[in-house]
Every structure is written in C-alpha cells, then in structure tokens.
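Values reported hereafter were calculated over all heavy atoms of this structure, with side chains retained and with hydrogens, waters and symmetry mates removed. Each chain gets a letter, A, B and so on, in the order the sequences are listed, and its residues count up from 1.
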2 protein chains.
Amino acid sequence: MTNWFVTTNGDLKSRWEAAFPDAQSAQEHNIESQIKPGDLIWLVTTVETWPALARRLVAANVTVVILSYMPNDREALKALDQGARGYVHTLAAVDVLKQVALVVANQGVWVGQELLSKVLGGSFKALQQRTEQNARPAAECLSLLTEREQSVAIAVTSGAANKEVARQLDITERTVKAHLSAIFKKLGVRDRLQLILKLANNDYRVNS
Amino acid sequence: MTNWFVTTNGDLKSRWEAAFPDAQSAQEHNIESQIKPGDLIWLVTTVETWPALARRLVAANVTVVILSYMPNDREALKALDQGARGYVHTLAAVDVLKQVALVVANQGVWVGQELLSKVLGGSFKALQQRTEQNARPAAECLSLLTEREQSVAIAVTSGAANKEVARQLDITERTVKAHLSAIFKKLGVRDRLQLILKLANNDYRVNS
DNA sequence: TTATATTCTGTCCAACGGTACAGTATTTTT
DNA sequence: AAAAATACTGTACCGTTGGACAGAATATAA
C-alpha cells in the first residue's frame with residue numbers, strides 16, 4: 001500500500017513526509033497511471049477537477065481521502081458522494097492524518113465531529129419524532145446464548161441466509177446450522193422467522 | 001483515561017477484556033459516580049435509558065460510544081444526537097473496538113462505512129427520501145399490494161409458513177406462493193425474511 | 001368489446017433450511 | 001482427572017420455499 005499525495009504544485013510536501021515518510025507525491029495528470037489497487041490517495045481540493053478525479057480513482061479500487069483548505073458541509077457531502085472515505089482539513093495535525101489513514105485503512109469513514117452533526121443536524125428533528133418504540137427485551141434472549149450463537153442470531157436477525165452468515169463469520173455453513181439449532185432450542189422457537197420476531201419483540205403465532 | 005463498559009448485567013465481559021485489559025465494568029446506576037473527565041464510556045443499548053444516560057455522560061466531559069446489537073440508521077442518528085462519538089455493533093471484532101477507541105480518542109467520530117454512506121449517500125434530498133421511506137414502513141409498502149396480497153403479507157409477517165397462511169385464508173398453498181411471488185416482486189425483496197424486515201422497518205444489514 | 005387486473009390453481013425442480021445421526025479440538029468447570 | 005461447555009465440521013435426509021413454465025374465472029377499465 002502506497003500513500004499518494006495529489007496536489008497541483010507539490011505543496012506541503014514536508015507535512016506529508018512528517019506523517020508518512022514513505023509517501024509519494026503526484027500530480028493530477030500522472031497519478032492515475034501510477035496507482036495500484038489498495039493504495040491510499042490524499043487529494044487536495046485545489047485540484048480543480050477533484051470530484052471527477054476522485055470518482056475515477058475510487059473506481060480504480062483505491063481509497064481516497066479529500067483534503068480541503070476550507071472544509072464545509074456541501075464539499076464534504078460531495079466528497080463522500082464521489083466515494084471518498086475521508087474529508088479532512090488540509091492542515092490537520094500530522095497525528096490526525098495518521099489517524100485518518102488508520103481509520104480508512106480499516107474500512108472506516110472519517111469526517112470531523114462538528115461536520116457530521118452539522119450535516120445530520122437538519123434531519124434530526126424529523127427522525128427524533130419517529131424514534132419511538134425502543135423497547136428491546138431482546139437482551140434477555142440474547143444473554144441465554146453463547147457469544148458465537150449471539151453473533152449468528154444477530155446476523156440472521158438482519159435477514160442473512162446461512163451462506164451469508166457463514167461468510168460473515170468465516171465459518172462453514174454447517175457450523176452456522178449447528179449454532180442455529182442450538183439457538184432455536186434455547187429460545188424455544190421453531191425457525192429463523194420466529195427468531196426474528198422474538199428478537200424484534202413482536203408477539204408471534206406458534207401455530208394454529 | 002479509563003475504559004468503562006456499561007451494561008445491564010455485565011454481559012460480554014470477556015470481549016471487553018480482550019479488547020481492553022484495563023477496562024472497568026459498570027452498571028447504569030453507578031457509572032456516573034465513578035467517571036472522570038476524559039474517560040471513554042462504552043454504553044450498550046440494552047440499557048433502556050441509554051439516550052438520557054449518554055447525554056448526561058457527554059455533559060460530564062467523557063467520550064461515549066454506543067454499542068448496539070441491532071444497528072440501524074435511526075438509532076445511530078439518535079446516538080450521535082446525544083453526543084456520542086461512536087456507534088458500533090456490540091459484537092464488532094475486538095480489533096474494530098480498538099480501532100474505534102483510537103478514533104474517538106483523537107476527536108474523530110466513528111460510524112460504519114455502510115451506515116454513513118446510507119445516511120449521507122447522494123444528497124440531502126436522497127437522505128430525506130430515505131428517511132421518509134423508513135419513517136412510514138408498513139403502510140406505504142402495503143399500499144402497493146392488492147387486498148389479498150396484503151392479507152398474505154401480514155400473515156407471513158406474523159411468522160406463518162405457507163401452509164398456515166393457506167389454512168388461514170382458506171386457499172391452497174400454491175396460491176399463497178403465487179401471491180408471495182407477486183409481493184416479493186412488487187416490494188423488491190428476495191424472500192419472506194426480507195419482507196418481514198421491510199415491513200418491520202428494520203432493513204439494516206449488518207456487516208458486508 | 002377488448003384489455004387489464006385480480007384471484008385462484010396446477011406440476012416440476014433447484015435451492016434452502018433444519019434435524020439426525022455423527023465426529024474432533026479446546027477451554028472451563030467440577 | 002473427569003465432566004461439561006464451547007466451537008467447529010461432515011454426510012445424509014426431508015420438508016419448505018420460491019421460481020419457471022403454466023392455465024382459468026371474474027370483475028373492472030379503456
């Protein structure tokens with residue numbers, strides 16, 4: 001994995017090197033021919049075509065973080081919309097840059113806290129009104145299960161098929177079935193549907 | 001800085017200890033008297049009063065991360081709105097927990113990539129659309145169906161098997177299947193599980 | 001009156017789900 | 001040290017599910 005810093009004029013090289021000694025610098029016109037999948041690209045918004053470039057880079061299977069001298073909501077949204085995995089102030093502290101790299105390398109997304117709450121702020125009220133039924137005695141059910149069984153139960157509760165659960169937990173489908181059988185027995189349900197309903201705390205019909 | 005894990009019953013202690021050997025466990029009623037500013041509090045949503053508790057903890061100058069067994073958009077928004085700095089699956093891998101700790105300790109915000117893109121993906125309008133869609137689940141979906149299809153959908157959503165639905169509606173199992181196929185097609189779901197989740201307004205998928 | 005929508009039914013088949021046997025390895029408890 | 005619990009995998013069986021073809025009767029709309 002290589003860190004690439006894409007700027008118009010090679011600015012701020014010393015900062016990049018302080019954060020990532022092995023980092024490479026590149027320019028808008030030559031970056032695309034040098035990248036390898038999995039690389040991490042830091043793209044400064046002073047590159048006029050940054051949105052299109054970011055999109056192409058993302059399509060090429062690299063991770064893109066946008067650096068802006070003047071961060072703002074709209075630009076952040078645009079960055080994320082292009083598939084960028086981070087949006088940071090260009091002059092963020094070196095430690096922060098390292099942190100961002102860690103996060104995006106681990107499938108996370110980085111945006112600053114104020115920014116996030118700002119971006120989400122508008123829709124809070126509407127959402128809050130809708131956040132009502134939070135009763136969840138699902139906890140008691142889950143506590144009857146072993147740790148692994150809980151993982152399986154929760155995956156199933158999200159609608160996953162056995163094969164998908166197996167992939168998620170990196171075990172065979174057979175093992176998923178074994179866990180599920182144990183789950184059904186412990187919770188006294190006959191199948192995954194009843195399990196969902198039980199964990200969703202809806203009353204369910206056993207039979208008729 | 002101390003890591004505190006707040007649960008209802010001290011569940012999953014082994015996981016916390018694997019991630020943070022020095023972590024302390026606490027319960028809803030005694031956590032507030034023990035914390036010091038700068039501490040990191042992991043709060044599980046099975047604690048019924050987690051939103052209010054989170055808010056008070058944030059006000060006390062500690063960092064709060066919300067852990068949920070069944071992550072979903074609304075809950076995530078609520079968590080962030082209370083001032084939480086992270087929102088993670090309770091059963092996230094130990095490595096992920098460590099990662100989250102690093103991020104929030106450095107003034108970052110952690111939400112999963114999928115969630116964030118779901119929330120931010122596209123634009124504000126898209127966000128609002130999505131929100132609206134999530135806000136009125138069953139009614140809106142059901143109105144797309146014919147009367148008979150609705151009956152079938154509702155029966156299935158209560159956990160009934162095809163045979164049971166057939167008995168309830170006094171039709172053959174074959175007809176139930178026919179209705180179901182139409183339902184799946186209209187609502188764009190692949191099976192009865194996803195149908196339940198859709199009608200239960202809980203179509204969040206864990207992991208990838 | 002032709003067309004469309006709705007409701008109902010049939011057979012066949014591949015894929016999925018759950019169980020009945022099984023077993024091994026590791027850790028925890030007694 | 002023995003027993004129990006946990007995690008994992010294998011083969012085989014059978015019922016369920018959903019789709020691929022289908023077709024037929026009735027009501028409503030163009």
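Side-chain contact annotation: B:Gln27 with B:Thr7, donor-acceptor N/O pair under 3.5 Å absent.
Taking atom CD of B:Glu164 as the reference point, atom C1' of D:dT17 lies 14 Å away to the nearest angstrom. For the pair B:Ile171 CD1 and D:dA24 P, the interatomic distance rounds to 20 Å; values are reported in whole Å. In this structure, B:Ile183 places its CD1 atom 13 Å from C1' of C:dT6, rounding to the nearest Å. Taking atom CG of residue B:Leu169 and atom P of nucleotide C:dT6, one finds them 17 Å apart after rounding to whole Å. Atom pair A:Arg190:CZ and C:dG18:P shows a separation of 11 Å (rounding to whole Å applied). Residue B:Lys185 contributes atom NZ, which lies 12 Å from atom C1' of D:dA20 at whole-angstrom precision. For the pair A:Leu180 CG and D:dA7 P, the interatomic distance rounds to 14 Å; values are reported in whole Å. Between B:Glu149 atom CD and C:dC8 atom C1' there is a gap of 12 Å when expressed in whole angstrom units.
Comment: B:Arg190 engages A:Glu164 in a salt bridge, judged by a side-chain N to carboxylate O separation of less than 4.0 angstrom.
In terms of heavy-atom proximity, B:Val58 sits nearest to B:Ala84 at CG2-N, 4.3 Å. When every heavy atom of A:Leu187 is checked against every heavy atom of A:Leu195, the shortest pair comes out as CD1-CD1, 3.6 Å.
Taken over five-pair windows at either terminus, the axes of the helix from C:dT1-D:dA30 to C:dT30-D:dA1 are inclined to one another by 40° (rounded to 10 degrees).
When atom types are taken as modelled, the side chain of A:Gln150 and the backbone of A:Leu145 share a donor-acceptor pair closer than 3.5 angstrom. In this structure a side-chain-to-backbone donor-acceptor pair under 3.5 Å is missing from A:Thr175 to A:Ile171. A donor-acceptor pair is defined here as one N or O able to donate and one able to accept, closer than 3.5 Å; no such pair exists between the side chain of B:Asn30 and the backbone of B:Ser33.
The distance from atom CZ of B:Arg192 to atom CZ of A:Arg192, rounded to the nearest 0.5 Å, is 12.0 Å.
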Q: Just do the salt bridge (charged side-chain N to carboxylate O under 4.0 Å, His left out) check on A:Arg55 and A:Glu32 with the steps written out, would you?
A: CA-CA 12 Å; A:Arg55 187 175 284 275; A:Glu32 286 175 278; over 6 Å; no
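With A:Trp50 as reference, A:Thr45 is the one residue of A:Leu67, A:Val64, A:Thr45, A:Val44 to meet the side-chain contact (heavy atoms from CB on, under 4.5 Å) rule.
Ring-plane geometry between B:Trp42 and B:Phe5 is classed as parallel, the angle between the planes falling under 30 degrees on a 0 to 90 degree scale with a further cut at 60.
Side chain of A:Ala178, nearest nucleotide from D:dG19, C:dT7, D:dT9: D:dT9. In the set D:dG18, D:dT9, C:dT9, D:dG18 carries the atom at the smallest distance from any side-chain atom of B:Arg192. Listed nucleotides: C:dT7, C:dT19, C:dT6. Nearest to the side chain of B:Glu147: C:dT7.
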N/O to N/O distances under 3.5 Å, protein versus nucleotides 11-16 of chain C:
| from | atom 1 | to | atom 2 | distance (Å) |
| --- | --- | --- | --- | --- |
| C:dT11 | O4 | B:Arg174 | NE | 3.0 |
| C:dC16 | OP2 | A:Lys163 | NZ | 3.1 |

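Mapping A:Asp170 and A:Lys186 onto DNA chain D by nearest heavy atom places A:Lys186 closer to the 5' end of the strand.
Close to C:dC8, at under 4.0 Å from its OP1 or OP2, lies a side-chain N or O of B:Arg148. Between C:dG18 and A:Ser181, no contact under 4.0 Å exists linking OP1 or OP2 to a side-chain N or O.
Residues B:Asn162 and B:Lys177 meet the side-chain proximity criterion, which asks for heavy atoms closer than 4.5 Å.
When heavy atoms are screened at a 4.0 angstrom cut-off, A:Thr172 is found touching the sugar-phosphate backbone but no base atom. Contacts of B:Thr146 with the nucleic acid, taken as non-hydrogen atoms under 4.0 Å apart, involve only primed sugar atoms and P, OP1 or OP2.
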Q | Contact state string [nucleotides 24-30 of chain C, B base, S sugar-phosphate only, - no protein heavy atom under 4.0 Å] | A | -------
